Amino acid sequence: MRALRWLLAVLTLGRLARRRAQPESEKERIVPKGTPERGAENLVLLFFMLTMIFAAGFLFVYAYFNASSMPNELLGICIGGAMACLGGAFLVIGKRLVVTEELDEDYPGENPEEQEEVVQIIHESGSRITRKRLLIGAGTAAAGALGAASLAPAVSLGPIWDTGALDRSPWRRGRRVVDETEAPIRAADVLEFTFYTGFPEGAPKEDIASSLVIIRVNPAKLKLPPVRAAWAPHGILAFSKICTHAGCAIGLYRKPTFTPVEPNDALVCPCHYSTFDPYTGGTVIYGPAGRPLPQLPLEIDSDGNLRAAGNFSARVGPGWWNVRSKPTFGTD
Amino acid sequence: MIDPVRDPVRFIDERTSAAPLIKKAMRYLFPDHWSFLLGEVVLYSFIVLIATGIYLTLFFVPSTAHTIYHGPYKPLDGQTVSDAYKSAVNLSFSVKAGLLMRQTHHWAADVFIAAMAMHLMRVFFTGAFRKPRELIWLIGLLLLFTSLLEGYLGYSLVDDLLSGMGLAIGYGVGLSIPVIGGPMTLAIFGAPFPGKPEFWSRMFITHVLLIPLLLAVLIGLHLSLVAARHHTQFKESARHTERRVVGLPTFPAQTPRSIALLLFTAAVLFLLGGLIQINPIWQWGPFEPWLATNGAQPDWYLGWLIGALRLMPSFDVTVGHFTLVPNPFWGGVLFPLFVLAVLAAFPWVERRLTGDRRVHNLADRPRNAPNRTAFGVAFLSWVFLIFVFGAADRIFVLWGLSYDTQLFMFRIGIWVVPLVLFFVVRRVCRELRAADLLEEDQERAERAVAQREGAVRAGT
């Protein structure tokens, strides 16, 4: 009888102890319990496996091919596929595996009391200051001075005060016109219905005031201003190749395809279709450019080569504050 | 025994006291609506941009010094090109996976800004910019416009023919800023176009460090402010009110969904980068200031500026022999600044016009704000038509509509179409809302009838 009681007591204690060992089941849940979804788990496993296959494919392609024969499409499919499959796995996890609880809570609002306290702290902190305005004014001036001093080195970026660089041109009277290979351009080689790009001999070609667009037109059709009467020997015209609108190269020479509307050929910039009339000395017929294309006077030397007979008719390149001032064409 | 969850949590909290914060973050609520994904796509494209961009910097040489190309791309073999261009071509042909990274980076930039533009429209048309979220709206606008500059610098760095033409236009637009344009642009470029060699270092550091850093800070601010006032939500049920937000907690429900979206976004970008060619710089060839090609188009997000530059009639505003406003200023500077200013001022303008100063946590359906929706559509169509005109030369090639005719049509159309759209859209919104109200009335009446019948039946 006694033995039986002991046995019962031990069993009860054991049960109690076991219950104490699992306290979590008594805790209130935060995330509600969901039902197991073995199908979704299998799907996730499948996506993980596919990710591994695609990633291995990427490694293989990357290792197998050399740079010049690398199939970029295959690389993209492999890495993109691996990412898409991993994304698929996470989508299944999100939509079917983890518990989706739609909860609600209050939107955060304003804190009028704290606002007041902040104001109060700031106001009360200045109780020792008597000349508030003077101090604030002097402080602002000091900060401004330090700021100006700190920012001043930015002036080293470029010639901020001296805009003379915008007015430089490598062209001067007698300078030979050469092509991209530095070979002189012979007047006799300049044909009608096409255009040539010319440069000043021995000067940097990428200089914005260097490049010329050269064409030959019927001299009888020229309507240049009287001062430019001698600027186009044998109808050969030279203009700055840089558009006066936004600085692109005048890359198009439009021949009249429909004479009733477009009786003459024209020089066109392909960026915004500013269109210039070579016959009248580069005036704008069309498009957004606000200034004519600067013209370069030409002459033909005793060898039959083209030379500059002076400098451009105006400053070269896109417009700015001083672009219409009389050019000085400084030298470097 | 090691508990893989409890031990790290305990470790972190004992050293940072962050457990309450972590718990709060885990139970932060995300309202669930498909249109809220757009902003996330922006964030994930940004991550792809950073990752691919870092890879590119390991190979790219930011220098315009001349060199001779020798390599697997035979049409260019022996040509004089810049270091920048050569290294970008080498990235495409001589670096394993380099082309994939380059193209994915470019696609990611296009998607980044496209998703941002769509996110902006979503926020605009649902009125999600209203109090208390005006700061989030402003930061978002700053993000968009900074990203435009970032994208422009990115494709300008490569020094191919297209990028050089774009840079020349940037130079022209810079010069066109009244009075200070000349000195300012000279300072940035260091010398007249194409600028000093240092200009390439300046562009490079701006593109790979300064602006990305700024974008990261702005994105961080944008998201912190969203978290501070919580996301807006649509009135999907009686539970969704101005005072209570309904949504999925960050953990567990939202986290796997967001990771999935990150991976899908990256997957699409890398698939695009692998399968669809973008900016084949070896075909454009190297840039020189005297070269330009017809049919050049910038990346899509600059199309509106090209369109505006092209639409302007030919004139400069002059004062004596000084040029106060050179032509590119209108389309290249004033137009985008005007669009930015209108969008930035809109929350305050709307408050003034409607007198509505309340806090709004519920997003509008566009039809329920007919004036805003109508204005938004009109304004958007104005920008969009200008954008379309940026491709007028392509339209001519595709459909034979002459450039002159298009210019004439668009110069009128960009003013008439938005005006018409304003009234049409407002009317449509009002009709839709009237129909909604009618339906609601009908339902209410039906419910009342059903109730009465139920009461009658209960009475008998």
Side-chain angles (χ1 to χ4, degrees), chain A residues 31 62 67-68 70 72-73 75-77 79-80 83-84 86-87 90-91 93-94 98-108 157-160 163 165-166 197 205-206 208 211 241 245-249 251-252 270-273 284 287-291 317-325, chain B residues 29 72 93-97 99-100 165 168-169 171-172 175-176 179 181-183 186-187 190-194 229-230 239 243-246 249 252-253 256-257 259-260 263-264 266-267 270-271 273-275 288-292 294 296 309-310 312 314-316 321-323 326-328 361:
Chain A
V31 179
Y62 181 81
S68 52
M70 180 68 71
N72 193 49
E73 299 80 3
L75 272 185
I77 290 173
I79 195 83
M83 287 167 170
L86 197 58
F90 273 96
L91 191 69
I93 292 173
V98 299
V99 178
T100 300
E101 340 144 60
E102 209 178 44
L103 307 173
D104 53 57
E105 64 178 21
D106 276 342
Y107 269 111
L157 278 175
I160 285 189
T163 51
L166 289 171
T197 303
K205 293 184 173 52
E206 59 273 10
I208 200 165
S211 55
K241 206 182 172 184
H245 175 237
C248 285
L252 303 175
C271 281
H272 311 106
Y273 297 103
V284 182
R291 283 178 304 125
W320 59 287
W321 175 246
N322 229 348
V323 78
R324 281 184 169 79
S325 303
Chain B
L29 296 185
F93 290 113
S94 309
V95 175
K96 275 189 173 188
L99 182 62
L100 179 70
M165 289 167 71
I169 299 172
Y171 174 76
L175 281 183
S176 77
V179 189
L186 265 189
F193 190 76
R229 291 311 303 249
H230 280 54
R239 268 175 88 197
R243 297 177 150 273
R244 283 189 83 73
V245 53
V246 181
R257 286 169 163 83
I259 294 175
L263 288 163
F264 285 143
F270 274 96
L271 284 171
L275 295 175
E288 297 292 353
W290 63 87
L291 296 176
N294 202 8
L309 285 169
R310 286 179 175 177
M312 274 313 287
S314 154
F315 71 91
D316 285 351
H321 65 274
F322 292 114
T323 308
N327 194 287
N361 289 319

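Please read all numbers here as calculations on a predicted model, not as lab measurements. The chains referred to below are lettered A, B, ... by the order of the sequence lines, with proteins before strands, and numbering in each begins at 1.
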Legend entry - Distance (rounded to the nearest 0.5 Å) between Leu103(A) CG and Arg244(B) CZ: 10.0 Å
Legend entry - Value rounded to 0.5 Å, distance of OG in Ser176(B) from NE2 in His245(A): 8.0 Å
Inset, instruction - Heavy atoms only, distances under 4.5 angstrom: which of Ala266(B), Pro72(B), Ala168(B) has the most pairs with chain A? Name it, please. - result: Ala168(B)
Legend entry - Closest heavy-atom pair and its distance - Val98(A), Ala253(B): CG2-CA, 4.1 Å
Legend entry - Most contacts with chain B, counted as non-hydrogen pairs under 4.5 angstrom, among Phe90(A), Tyr62(A), Tyr107(A): Tyr107(A)
Legend entry - Results of side-chain contact (heavy atoms from CB on, under 4.5 Å) for Leu252(A) - residues two or more places apart only: Val268(A), Pro270(A), Tyr273(A), Asn294(B)
Inset, instruction - Using non-hydrogen atoms and a 4.5 Å limit, figure out which bit of Ala165(A) sits close to chain B: side chain, backbone, both or neither. - result: both
Legend entry - Residue, of Gly247(A), Gly80(A), Pro108(A), that accumulates the most heavy atom pairs under 4.5 Å with chain B: Pro108(A)
Inset, instruction - Give, for atom CD1 of Ile77(A) and atom CG of Asn72(A), the distance between the pair rounded to the nearest 0.5 Å. - result: 10.0 Å
Inset, instruction - Heavy-atom pairs under 4.5 Å with chain A are the metric here; pick the option from Gly182(B), Gly172(B), Ala260(B) that has the most. - result: Ala260(B)
Legend entry - When Arg291(A), Glu101(A), Glu73(A) are compared by non-hydrogen pairs under 4.5 Å with chain B, the top option: Glu101(A)
Legend entry - Among Asn361(B), Leu291(B), Asn327(B), Val95(B), residue most engaged with chain A (heavy-atom pairs, under 4.5 Å): Asn361(B)
Legend entry - Portion of Ser68(A) that has a non-hydrogen atom of chain B nearer than 4.5 angstrom: both
Inset, instruction - Would you mind telling me which of Lys241(A), Lys205(A), Glu102(A) has the largest number of heavy-atom pairs within less than 4.5 Å of chain B? - result: Glu102(A)
Inset, instruction - Sort Ala97(B) into side chain, backbone, both or neither according to what part of it lies under 4.5 angstrom from a heavy atom of chain A. - result: both
Legend entry - Side-chain donor or acceptor of Arg257(B) paired with backbone N/O of Gly94(A) under 3.5 Å: yes
Legend entry - Spatial distance of atom CD (Glu105(A)) from atom CG (Leu29(B)) [nearest 0.5 Å]: 4.0 Å
Inset, instruction - Look at Ala246(A), Gly76(A), Pro288(A), Ser211(A) and state which one has the largest set of heavy-atom pairs under 4.5 Å with chain B. - result: Pro288(A)
Legend entry - Among Glu288(B), Arg229(B), Met312(B), residue most engaged with chain A (heavy-atom pairs, under 4.5 Å): Arg229(B)
Legend entry - Gap separating the CG atom of Leu75(A) from the CG atom of Leu100(B), nearest 0.5 angstrom: 5.5 Å
Legend entry - Among the listed options Phe193(B), Phe322(B), Phe93(B), Phe264(B), the residue most often paired with chain A at heavy-atom distances under 4.5 Å: Phe322(B)
Legend entry - Spacing of Leu175(B) atom CG and Leu166(A) atom CG [to the nearest 0.5 Å]: 6.0 Å
Inset, instruction - Under 4.5 Å, counting heavy-atom pairs only, tell me which of Asn322(A), Asp106(A), Val284(A) racks up the most with chain B. - result: Asp106(A)
Legend entry - For Tyr171(B), all residues meeting side-chain hydrogen bond (donor to acceptor under 3.5 Å, both in side chains), sequence neighbours excluded: none
Inset, instruction - Name the region of Pro326(B), side chain, backbone, both or neither, that has any atom closer than 4.5 Å to a heavy atom of chain A. - result: side chain
